[in-house]
J.: 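Once you've had a glance at the structure underneath, I'll fire off some questions.
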Amino acid sequence: MSRKNRNVSSESLDISTAQLAFIRRHVLRTRRIRIYQIVILIGFISLWEVTAHYGILNSFVFSSPSRVMKTIISMGASGQLFYHTGITLLETLVSFFLVNFLGIAVAVILWWNYSLSKVLEPYLIVLNSLPKSALAPVFIVWLGNNVKTIIVAAVSVAVFGTIINLYNDFKSVEEDRIKLIHTLGGNKRDVLFRVIIPSNIPSIISQMKVNIGLSLVGVVIGEFLAAKAGLGYLIIYGSQVFTCVYILVLFRLPLSIYLCLNRLIEI
Amino acid sequence: MSELLKIDHISYSYHSLEGETPALFDVSFNVMDGEFLGIVGPSGCGKSTLLSLIAGLLSPSCGSIYINGKDIKSSGKNIGYMLQKDHLLDWRNTLKNVTLGLEIQHKLTDNSYVQINDLLNTYGLITFKNSYPSELSGGMRQRVALIRTLLLEPDILLLDEPFSALDYQTRLEVADDIWGIIRKEKKTAILITHDISEAISMADRVIVLSSRPGTVKKTFDINLSIENRTPFAARSAPEFKDYFNMIWKELNHNEQKE
């Protein structure tokens with residue numbers, strides 16, 4: 001929308017009234033959508049606050065927006081919030097890079113070697129459909145109660161899906177484009193680097209967007225079970241000492257981490 | 001004119017679990033240096049297979065193909081192949097698309113850029129040097145694809161229905177364009193098409209293939225009594241209709257036999 005507006009100002013001299021009316025309608029509509037979105041958010045928070053205040057909602061269980069705010073401020077002031085958020089963020093980024101690296105590398109290997117891909121296909125499907133969060137306790141036994149377990153848990157959540165999706169995308173590149181490279185005298189390596197990878201950049205990026213979310217979920221699950229720090233750890237701690245307000249605060253943080261990282265990828 | 005390409009009794013079959021499908025059977029013909037050969041045939045008669053064999057992408061089940069008297073298996077291929085669609089890579093601009101073949105063969109030097117600029121200039125693409133394929137018209141895209149092929153300096157150009165993806169009007173224009181470029185660069189070309197008029201208008205000689213498995217049915221030398229022949233002008237030559245009828249009959253004769 002912003003781009004459209006810029007065009008308007010630079011070419012406003014030769015724009016017809018009908019076109020102007022169209023743009024005005026467009027701007028109005030996008031503005032109206034934004035207003036509705038904000039109204040819903042404010043409405044939800046006020047409803048929550050009011051019902052908690054008059055005891056319609058049990059404020060011990062459901063807390064209230066003002067108490068959540070206060071907790072965020074006090075946790076922020078003590079530095080606790082930033083410390084745990086930083087740990088989770090770091091773990092998420094490490095898992096995210098591992099997932100993408102492994103995913104792309106294995107997908108390339110499978111694309112390169114048809115027989116290998118056929119051999120591994122059933123195993124990949126089984127691994128992908130396993131409930132990975134259920135595996136986390138096993139990882140603790142294998143790897144110990146430490147960061148390694150958290151990273152492995154997070155990677156295992158996302159990596160198999162990434163491999164399967166990317167491999168399928170690689171395979172579905174138009175046959176004639178591959179033929180083109182061969183007619184120009186290229187070999188399989190040329191096909192990979194000049195057609196398969198470049199034509200799949202959009203699907204790699206959209207897979208990365210999915211992976212940011214999955215890595216975060218994986219890390220938080222890992223932290224539930226095997227951590228001394230991080231947001232997952234805080235959530236478990238909060239539920240054990242019955243400070244539900246903690247949990248509510250903390251559920252929001254992964255969400256904002258997710259939104260920030262997602263924006264980053266889009267740039 | 002000397003003989004450049006010799007197709008010597010080649011056959012080819014495709015294999016699948018359902019069985020064997022013979023695509024070409026005992027095909028032989030020669031192509032002279034600088035000649036423009038047209039090949040027509042009903043769909044599915046193995047026309048594209050024939051080009052893939054000449055380009056060395058497939059090996060014949062039996063028979064041999066010689067270029068300048070040498071078997072293509074040993075002579076190394078120096079053959080340009082234009083596919084049905086231009087297949088420009090949409091993440092590369094015109095210049096980068098044109099250099100794709102040279103890049104792959106590690107032949108891209110500073111000198112080639114001089115040559116590329118010349119070619120782009122001659123064929124009206126220089127102002128679109130940095131444009132992406134989506135910004136080019138169908139005709140321009142085909143010209144870019146042709147320059148991409150020509151830069152590898154092929155002995156023979158194979159054209160696999162290169163105009164079939166274009167609308168009729170563009171098709172006539174591009175046929176003139178491409179034909180002019182090929183003549184100007186003095187290339188030998190083999191054009192495959194199912195469009196009889198296109199074959200007559202562009203080729204010096206037309207070979208008719210039978211339906212699957214394809215064999216050479218008949219050969220027509222095209223002699224048109226017009227000056228300044230271009231594919232478009234050829235269509236109004238007095239002999240054009242006769243050739244059309246003869247080839248049409250030959251193709252139809254095929255169908256009835258089945």
Side-chain angles (χ1 to χ4, degrees), chain A residues 3-4 6-7 10-11 100 103-104 107-108 111-119 121-122 165-209 265-267, chain B residues 48-49 51-59 72 75-93 96-108 132-133 141-142 144-162 164-165 190:
Chain A
R3 194 188 302 154
K4 227 168 228 164
R6 219 174 296 141
N7 283 347
S10 65
E11 294 164 17
N100 291 322
I104 294 172
V108 165
W111 173 82
W112 193 279
N113 192 329
Y114 178 76
S115 306
L116 184 69
S117 75
K118 280 290 157 205
V119 170
E121 200 175 10
N165 287 341
L166 288 183
Y167 172 60
N168 284 331
D169 289 340
F170 286 1
K171 263 199 321 193
S172 58
V173 166
E174 226 180 321
E175 207 48 52
D176 265 3
R177 284 203 161 159
I178 296 170
K179 190 173 173 186
L180 168 76
I181 299 293
H182 288 305
T183 63
L184 294 172
N187 53 24
K188 203 161 186 178
R189 225 181 124 237
D190 294 309
V191 174
L192 177 66
F193 286 111
R194 300 192 199 272
V195 170
I196 303 289
I197 300 270
S199 68
N200 275 299
I201 294 289
S203 62
I204 290 175
I205 289 185
S206 72
Q207 188 62 44
M208 280 179 162
K209 281 189 196 165
I265 290 184
E266 269 169 32
I267 298 163
Chain B
S48 296
T49 310
L51 288 198
S52 292
L53 287 167
I54 298 172
L57 300 176
L58 301 171
S59 314
I72 55 160
S75 69
K77 29 184 173 164
N78 197 7
I79 287 162
Y81 195 140
M82 277 186 76
L83 301 158
Q84 289 190 8
K85 286 196 240 156
D86 51 71
H87 287 293
L88 301 183
L89 304 179
D90 29 283
W91 55 90
R92 286 172 168 245
N93 62 22
K96 297 284 276 171
N97 261 302
V98 161
T99 56
L100 180 68
L102 291 172
E103 268 175 50
I104 287 173
Q105 303 197 358
H106 308 289
K107 285 181 186 162
L108 191 63
Y132 284 84
R141 295 174 61 120
Q142 279 297 354
V144 174
L146 181 61
I147 293 174
R148 175 179 65 194
T149 315
L150 286 177
L151 279 172
L152 298 172
E153 296 176 349
D155 296 328
I156 302 176
L157 264 174
L158 307 178
L159 310 168
D160 186 358
E161 303 194 20
S164 58
I190 300 178

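Just so it is clear, the structure is predicted and the values come from calculations on it, not from any experiment. Protein chains get the first letters and strands the later ones, always in sequence-line order, with residue 1 at the start of each.
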J.: Answer with side chain, backbone, both or neither: which region of B:E103 has an atom nearer than 4.5 Å to a non-hydrogen atom of chain A?
T.: both

J.: Is chain B contacted by the side chain of A:D176, its backbone, both, or neither, given a heavy-atom distance below 4.5 Å?
T.: both

J.: Would you call A:T183 and B:L158 a side-chain contact if the rule is heavy atoms closer than 4.5 Å?
T.: no

J.: Under 4.5 Å from any heavy atom of chain A, what part of B:L88 do you find: side chain, backbone, both or neither?
T.: backbone

J.: Considering all heavy atoms of both residues, which atom of B:S52 and which atom of A:K179 are nearest to each other, and what is their separation?
T.: OG-NZ, 3.5 Å

J.: If I take atom CG from residue A:D190 and atom CD1 from residue B:I104, how far apart are they, to the nearest 0.5 angstrom?
T.: 5.0 Å

J.: Between atom NE2 of A:H182 and atom OH of B:Y81, what is the distance when rounded to the nearest 0.5 Å?
T.: 12.5 Å

J.: Which heavy atom of B:R148 sits nearest to which heavy atom of A:L184, and what is that distance?
T.: CD-CD1, 4.1 Å

J.: Quick check for you: to the nearest 0.5 Å, what is the distance between B:H87 atom NE2 and A:I178 atom CD1?
T.: 10.5 Å

